[in-house]
Amino acid sequence: MMKNIRIAIIGCGNLGQAILKGLIDDHTYPTENITATKRHIEVLEPFQKEGVIITSDNAEAVRKSDLIIVALKPHNILHILEELSPDLNPDKHILVSLATGISTAQIEEAIGKKLPIFRAMPNTGADVNESLTCLCSVHDNETSVSQVEYFFNLIGKTITIDEDLMEAATVLGACGIAFVMRFMRAMVQGGIQIGFDAKTANIIVNQTVKGASQLLIERKQHPEFEIDKVTTPKGCTIAGLNEMEHHGFSSALIRGIVTSFEKI
Ligand SMILES: NC(=O)c1ccc[n+]([C@@H]2O[C@H](COP(=O)([O-])OP(=O)(O)OC[C@H]3O[C@@H](n4cnc5c(N)ncnc54)[C@H](OP(=O)(O)O)[C@@H]3O)[C@@H](O)[C@H]2O)c1
């Protein structure tokens, strides 16, 4: 049934294309049911070859779709939604906005209609079907919730949160990708200093981070539980960890997260 739902991705830039790649790579959803829009559509041509319909006509994309994913920037989303309002049908459409900091109330005011409105905060893990997407919604019902969850589950994992946590979700989940990348870069730099070439250090770090993450996901344990298992008394792991803490490792991360949150 979900395969008959037609999707429009309006403003298909970085995040829109990450979602698009995720949907294509999943191989279960028919690409001819997806329409992607942006003004400069040349960059979307590779997706056209996969069967996706590409156009600069947002209104046409909305009219022929059921689930409208709006991946525009926060500065122009409300103005474009206002323009699209005549084409939005409350009996047919489900609207999903990805715009950071734009509330469902602002969206509803822009479109002047009551339809199921969702805010989704995925991250660029969507590119490899490993997004964590936080969702919140108004005027939803069982059907719209299951449809939106179904599509975002194709590109990773989905959780539902209160709307007032959406900004915090952006920091922890979306900015979080950059925080983890910076931590990984530092590990690679350390690895090179102790003897590995960059390529080998990257392989070791990437797989180590993946393994650490998988341990926590599968065993559902607190990180400290897994840390205790690898810290031998008087050993090298605890010596390294404590040295990092003396230099403010945990504190730097927490302060970075709080600073991003204050900035948002
Ligand atoms: N990047 C992330 O990790 C991330 C995570 C969570 C949420 N978000 C949110 O996701 C949204 C998109 O972010 P992004 O990084 O993907 O931005 P982006 O790459 O700039 O994508 C926005 C796209 O909108 C298109 N656009 C602009 N005006 C348009 C119009 N009138 N009609 C159709 N398309 C139009 C632009 O392409 P043209 O110039 O060719 O039209 C552009 O490619 C933002 O609201 C952001 O807050 C991003």
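Remember, it's 1-based here, ligands and their atoms both numbered in the order they're listed.
- Expressed to the nearest 0.5 Å, how far NZ of Lys114 lies from CD of Glu108 amounts to 6.5 Å.
- If you check the side chains of Glu167 and Thr100, you find no donor sitting under 3.5 Å from an acceptor.
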Let me have the donor-acceptor pairs involving side chains of residues 252-264, under 3.5 Å, with sequence neighbours excluded, atom names and distances please.
{"from": "Thr259", "atom 1": "OG1", "to": "Arg255", "atom 2": "O", "distance (Å)": "2.7"}
{"from": "Ser260", "atom 1": "OG", "to": "Gly256", "atom 2": "O", "distance (Å)": "3.3"}

Pairs under 3.5 Å, N/O atoms on ligand 1 and on the protein: can you put them in a table with the distances?
{"from": "ligand 1", "atom 1": "16 (O)", "to": "Asn14", "atom 2": "N", "distance (Å)": "3.2"}
{"from": "ligand 1", "atom 1": "16 (O)", "to": "Leu15", "atom 2": "N", "distance (Å)": "2.7"}
{"from": "ligand 1", "atom 1": "17 (O)", "to": "Lys73", "atom 2": "NZ", "distance (Å)": "3.4"}
{"from": "ligand 1", "atom 1": "19 (O)", "to": "Asn14", "atom 2": "N", "distance (Å)": "2.8"}
{"from": "ligand 1", "atom 1": "19 (O)", "to": "Asn14", "atom 2": "ND2", "distance (Å)": "3.2"}
{"from": "ligand 1", "atom 1": "28 (N)", "to": "Arg39", "atom 2": "NE", "distance (Å)": "3.4"}
{"from": "ligand 1", "atom 1": "28 (N)", "to": "Asn76", "atom 2": "ND2", "distance (Å)": "3.3"}
{"from": "ligand 1", "atom 1": "32 (N)", "to": "Asn58", "atom 2": "ND2", "distance (Å)": "3.0"}
{"from": "ligand 1", "atom 1": "37 (O)", "to": "Lys38", "atom 2": "NZ", "distance (Å)": "3.4"}
{"from": "ligand 1", "atom 1": "39 (O)", "to": "Arg39", "atom 2": "NH2", "distance (Å)": "2.9"}
{"from": "ligand 1", "atom 1": "39 (O)", "to": "His40", "atom 2": "ND1", "distance (Å)": "3.4"}
{"from": "ligand 1", "atom 1": "40 (O)", "to": "Lys38", "atom 2": "NZ", "distance (Å)": "2.8"}
{"from": "ligand 1", "atom 1": "40 (O)", "to": "Arg39", "atom 2": "N", "distance (Å)": "3.4"}
{"from": "ligand 1", "atom 1": "40 (O)", "to": "His40", "atom 2": "N", "distance (Å)": "2.9"}
{"from": "ligand 1", "atom 1": "40 (O)", "to": "His40", "atom 2": "ND1", "distance (Å)": "2.9"}
{"from": "ligand 1", "atom 1": "41 (O)", "to": "Arg39", "atom 2": "N", "distance (Å)": "2.7"}
{"from": "ligand 1", "atom 1": "41 (O)", "to": "Arg39", "atom 2": "NE", "distance (Å)": "2.8"}
{"from": "ligand 1", "atom 1": "45 (O)", "to": "Leu72", "atom 2": "O", "distance (Å)": "2.7"}
{"from": "ligand 1", "atom 1": "47 (O)", "to": "Thr100", "atom 2": "N", "distance (Å)": "3.1"}
{"from": "ligand 1", "atom 1": "47 (O)", "to": "Thr100", "atom 2": "OG1", "distance (Å)": "2.6"}

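- Distance CG/Asn58 to NZ/Lys38: 11.5 Å, rounded to 0.5 Å.
- Among residues two or more places apart in sequence or in another chain, the ring pair (Phe, Tyr, Trp, His ring centres under 6.0 Å) test is passed with Phe151 by Tyr29.
- Here Ala8 pairs with Ile10, Ala61, Ser65, Ile68 under the side-chain contact (heavy atoms from CB on, under 4.5 Å) rule; sequence neighbours left out.
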